[in-house]
*Asks:* 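Dropping the structure in here first, questions after.
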Amino acid sequence: RIEESGACAAFTRQVWDSSLREVFRRGESYLLTEKTTYSDQTVWESGRFLFHLDEQAKISSIAASDKKTEVSFSKLDITGREELPGCHMSLKDCQGQELASWISAKEPYRIKGVLTPGEVYYLEEIRPRDGYAFAERISFSVSEDGITQQVVMKDQDTKLRIHKVAEQEEKTYIPGAVLQILNEDRTPSRAVSSYGDFQEGDPLIFRSGEAPRELCRQLCAGYGYLLHEVKPPSGYAFAEDVAFTVSKDGSLDEIWMTDRQTHVTVSKTDITGETEIPGNQLRIKTTEGAELVSWVSGTKPYELVGDLDAGETYILEEIRPADGYAWAEEIRFTVSLDGTIDHVDMRNERTQAEILKLDAETKEPVPGAVLQIRDKEGRVIEEWVSDTKSHQITGSLAAGKVYELWEKEAPKGYQLAGKLEFTMPKKAEILKLLYENRKRKERRTPEKPKAPDNPGIPEAPQEPGRITAFYESQ
C-alpha cells in the first residue's frame with residue numbers, strides 16, 4: 001500500500017517459494033517492489049509494480065515475471081564495421097572464474113540467462129586473430145531491465161614500420177635493399193592476411209625505398225621475428241639480423257636496420273711492403289673483365305668507399321708500373337660481407353739486368369770496355385767500364401721498354417762491338433745479357449824473296465821454235 005509510512009507487507013521470494021499472502025484491500029493502491037541482494041551484499045531495488053484495487057476487484061494472485069538476461073558480444077576490427085572471426089575470447093566473473101569461452105565468428109556471440117543483473121563481468125581476449133593486436137580487457141555490468149545488452153571489443157592491426165638507413169649521422173634512407181621477415185627459428189615468415197602488397201601465405205619479402213616501409217596485419221601480436229637482409233644495395237655491406245617482438249597492444253613498432261658502405265684500400269708498395277710507390281697505373285675489374293675504376297697510385301693507399309659490392313670477387317690489375325719496377329701479377333680479392341675494411345696490397349719488384357762483357361772466342365770476361373745503355377731516343381741511361389764481373393742495373397730500366405746496349409770504347413786489342421737491342425721483361429725476373437767482342441787481326445807485310453846463290457843455266461828446249469829468256473841476277 002502506498003502510504004507515507006511505507007509498504008503494508010514485505011517478504012522475500014526464493015526460487016522455490018510459492019507462499020500465499022492475503023495482504024490487499026479493495027479501494028487502495030499498492031506498490032510491489034523487488035529488491036535484489038548481490039554477491040557483495042549490496043542491495044538494490046531491481047523492480048517496481050504499481051497497481052490499484054477498486055471495490056469490485058477480486059484478487060486471486062499477482063504475478064511478477066522476470067526476463068532472462070541476454071548479452072551479445074561482438075569482436076570487431078578497429079573500424080567497427082564488421083565482425084572479426086578467429087579471436088579466442090573468455091568471459092569471467094569478478095572473482096576471476098571463467099564462465100564461458102569461445103572463438104569469435106562472423107556473428108556476435110550471445111549468452112542468455114546466465115549472467116546476473118547488476119553483477120560486474122570481464123571480457124578478455126586470450127589470443128587475437130593473426131595480424132591483430134590484443135585488445136584491453138573490458139568490464140561491464142548486466143542491465144536490470146532485461147533489455148538485450150551488447151558488449152563490443154575492437155582489435156587494432158599489428159603495425160610495423162621499417163627504417164633502412166646508412167650508417168651516417170643524417171640516417172639517410174637507402175633504397176634497393178631486399179629485406180625479409182623471418183620467424184625466430186629463421187624459417188620464412190608468411191603473410192597472415194591478404195592486405196596491402198601481400199596475399200595470405202606469401203613470404204614477407206620486399207625492397208626498401210626512400211621512405212620507411214610499413215607492414216600492417218601481417219604479423220602476430222606478441223611473437224618474435226627477425227628482420228633479415230637478403231641483398232644489400234650496391235656499394236653496401238650486409239647488415240646483421242635485427243630481432244624484434246610485435247607489440248601486443250597494437251602500438252606502432254619502429255624497426256631500424258643500418259648498413260655500412262663497403263670499404264677497400266689498395267696499397268702499391270715496393271717488395272718490402274713498407275713504402276708506397278707513386279706513378280703506377282692500376283685498375284679494378286670484374287671477373288668477366290669489365291673495368292670498374294682506374295687510377296694512378298700516389299704516396300698513400302687508394303680508398304674505394306661504396307664502389308664495390310659486398311661478397312663479390314674482383315681483380316686488381318697493373319696497367320703500367322712506375323719506371324724501374326716490374327709488372328706485378330694480378331690479385332683477386334673478395335669484398336667483406338659485414339663492411340669490414342679490406343686491405344689489398346700489391347707489391348712491385350725493381351727491374352734487374354746483368355751485363356757481362358766476353359771474349360767471343362774464349363768466352364772469358366773482358367775488362368776495360370766503356371759501355372752505355374741508351375733508350376730509343378738516344379738518351380744515355382747508364383754508362384760504365386766493364387770488369388771481370390757482371391754489371392748489375394737495378395731499378396733504372398722500365399719494364400717492357402726497348403733499350404740499346406752500345407760499346408763506346410772497345411778494350412785494347414778488341415774490335416768495337418755493334419749495338420745490342422733488348423727489351424726489359426715485364427715480370428720480376430733478372431735479364432742477363434752477354435756482350436761479346438772479337439780481337440783485332442794484325443796486318444802482316446810479306447817478306448821479299450831472296451835471290452838464289454847459283455841459279456844455274458836451264459837446259460835448252462828440246463822442241464824447236466820456242467825461245468826461252470834467261471836473266472842473271474845482278
Side-chain angles (χ1 to χ4, degrees), residues 77-78 86-88 125-135 155-263 306 308-312 334-342:
D77 62 12
I78 195 62
C87 303
H88 295 249
E125 188 168 36
I126 305 302
R127 180 182 172 185
R129 177 178 171 175
D130 290 346
Y132 290 85
F134 284 81
D155 274 358
Q156 295 191 46
D157 305 339
T158 56
K159 297 179 287 293
L160 190 67
R161 181 180 291 162
I162 298 170
H163 306 266
K164 183 62 173 174
V165 296
E167 192 181 54
Q168 300 170 352
E169 293 183 2
E170 304 83 26
K171 298 296 182 185
T172 306
Y173 285 95
I174 308 173
V178 180
L179 305 176
Q180 183 175 15
I181 304 296
L182 303 178
N183 298 315
E184 286 185 315
D185 61 0
R186 304 193 65 79
T187 57
S189 180
R190 298 186 178 275
V192 298
S193 65
S194 296
Y195 186 81
D197 297 333
F198 299 97
Q199 295 296 314
E200 184 175 352
D202 288 348
L204 294 173
I205 300 176
F206 51 93
R207 285 185 178 272
S208 63
E210 295 180 352
R213 176 64 185 264
E214 293 192 2
L215 294 179
C216 296
R217 294 190 193 176
Q218 300 301 351
L219 302 177
C220 299
Y223 280 53
Y225 297 92
L226 297 171
L227 176 60
H228 172 71
E229 189 163 34
V230 178
K231 183 175 177 59
S234 180
Y236 286 87
F238 285 82
E240 293 184 359
D241 291 347
V242 178
F244 64 93
T245 300
V246 179
S247 299
K248 290 186 174 183
D249 60 359
S251 299
L252 177 63
D253 296 307
E254 306 274 0
I255 311 299
W256 293 82
M257 176 176 274
T258 303
D259 271 2
R260 295 179 181 178
Q261 288 184 296
T262 57
H263 193 167
L308 306 178
D309 293 342
E312 293 295 325
T334 301
V335 181
S336 299
L337 295 174
D338 60 359
T340 302
I341 299 177
D342 297 300

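What you see is a predicted model; the values in this text were computed from it and never measured.
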*Asks:* Answer yes or no: is there a side-chain heavy-atom contact under 4.5 Å between Leu219 and Phe244?
*Replies:* yes
*Asks:* If we only count heavy atoms from C-beta on, is the Tyr132 to Arg217 side-chain gap below 4.5 Å?
*Replies:* yes
*Asks:* Side chains of Asp197 and Arg213: does their closest heavy-atom pair fall under 4.5 Å?
*Replies:*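 Heavy-atom side-chain distance check passes, below 4.5 Å.
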*Asks:* If we ignore hydrogens and angles and just use 3.5 Å, is the side chain of Ser194 paired with the main-chain N or O of Glu200 as donor and acceptor?
*Replies:* yes
*Asks:* What is the minimum heavy-atom distance between Ser247 and Ala221, and which atoms define it?
*Replies:* O-CB, 3.6 Å
*Asks:* Could you tell me the separation between the CG atom of Leu182 and the CG atom of Leu204, rounded to the nearest 0.5 Å?
*Replies:*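 Reported to 0.5 Å precision, the distance equals 9.5 Å.
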*Asks:* Looking only at heavy atoms, what is the nearest atom pair of Gln261 and Gly306, with distance?
*Replies:* NE2-CA, 4.0 Å
*Asks:* Where the side chain of Ser208 meets the backbone of Lys164, is there a donor-acceptor pair that is under 3.5 Å apart?
*Replies:* no
*Asks:* Could you give all pairs that pass the side chain to side chain donor-acceptor pair (under 3.5 Å) test and reach residues 231-240, with sequence neighbours left out?
*Replies:* Ser234-Asp309
*Asks:* Looking at Ala237, is its backbone amide N or carbonyl O close enough to the side chain of Thr262 to form a donor-acceptor pair, meaning the two atoms are under 3.5 Å apart?
*Replies:* no
*Asks:* Between Arg129 (side chain only) and Cys87 (backbone N and O only), is there a donor and an acceptor less than 3.5 Å apart?
*Replies:* no
*Asks:* Has the side chain of Lys159 got a donor or acceptor atom that lies under 3.5 Å from a matching backbone atom of Asp157?
*Replies:*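 A pair under 3.5 Å: yes.
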*Asks:* Hey, could you give me the OG1/CD distance between Thr172 and Glu167, rounded to the nearest 0.5 Å?
*Replies:* 12.0 Å
*Asks:* Check whether any side-chain N or O of Glu125 sits under 3.5 Å from a backbone N or O of Ala135 as a donor-acceptor pair, and report yes or no.
*Replies:* yes
*Asks:* Once salt bridge (charged side-chain N to carboxylate O under 4.0 Å, His left out) is applied, do any residues pair with Asp338, and if so which ones, sequence neighbours excluded?
*Replies:*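 Partners of Asp338 by the salt bridge (charged side-chain N to carboxylate O under 4.0 Å, His left out) criterion come out as none, since no residue qualifies.
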*Asks:* Tell me every residue that passes side-chain hydrogen bond (donor to acceptor under 3.5 Å, both in side chains) with Thr187, counting only those two or more places apart in sequence or in another chain.
*Replies:* Asn183, Asp185
*Asks:* So, do Ile341 and His263 sit near enough that their side-chain heavy atoms are less than 4.5 Å apart?
*Replies:* yes
*Asks:* Measure the shortest side-chain to side-chain distance between Thr258 and Lys171 over non-hydrogen atoms and say whether it is less than 4.5 angstrom.
*Replies:* yes
*Asks:* Fit a plane to each ring of His163 and Trp256, take the angle between them on a 0 to 90° scale, and name the class: parallel (under 30°), tilted (30 to 60°) or perpendicular (over 60°).
*Replies:*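 Judged by the thresholds at 30° and 60°, the geometry between His163 and Trp256 is parallel.
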*Asks:* To the nearest 0.5 angstrom, please state how far the CG atom of Asp202 sits from the OG atom of Ser189.
*Replies:* 11.5 Å
*Asks:* Under 3.5 Å, is there a donor-acceptor pair between the side chain of Gln218 and the main chain of Tyr195?
*Replies:* yes
*Asks:* So, the side chain of Gln180 versus the backbone of Leu227: is there a donor-acceptor pair under 3.5 Å, distance only?
*Replies:* no
*Asks:* Looking at every non-hydrogen atom in both residues, tell me the closest pair between Ala191 and Phe198 and how far apart they are.
*Replies:*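 Of all heavy-atom pairs spanning Ala191 and Phe198, the closest is CB-CB, 3.8 Å.
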*Asks:* Contact between Leu215 and Ile181 at the side-chain level, heavy atoms closer than 4.5 Å - yes or no?
*Replies:*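 Heavy-atom side-chain distance check passes, below 4.5 Å.
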*Asks:* Looking only at heavy atoms, which two atoms of Val192 and Cys220 are closest? And how far apart?
*Replies:*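 Scanning both residues completely, I find the closest heavy atoms to be CG1-SG, 4.3 Å.
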*Asks:* Which pair of non-hydrogen atoms, one from Ala133 and one from Pro128, has the smallest distance, and what is that distance?
*Replies:*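 Nearest heavy atoms, Ala133 then Pro128: O-CB, 3.5 Å.
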*Asks:* Look at the side chain of Glu214 and the backbone N and O of Leu160, then say whether any donor-acceptor pair between them is shorter than 3.5 Å.
*Replies:*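 No: the side chain of Glu214 does not pair with the backbone of Leu160.
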*Asks:* Less than 4.5 Å apart, any side-chain heavy atom of Ile162 and any of Phe206?
*Replies:*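 With C-beta onward as the side chain, the pair touches.
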*Asks:* Could you report the tightest heavy-atom contact between Thr340 and Arg260, atom names first, then the distance?
*Replies:* N-NH1, 4.4 Å
*Asks:* Would you compute the distance between atom CD of Gln156 and atom NZ of Lys248 and round it to the nearest 0.5 angstrom?
*Replies:* 15.5 Å
*Asks:* What is the distance from atom OH of Tyr225 to atom CG of Asp253, rounded to the nearest 0.5 Å?
*Replies:* 11.0 Å
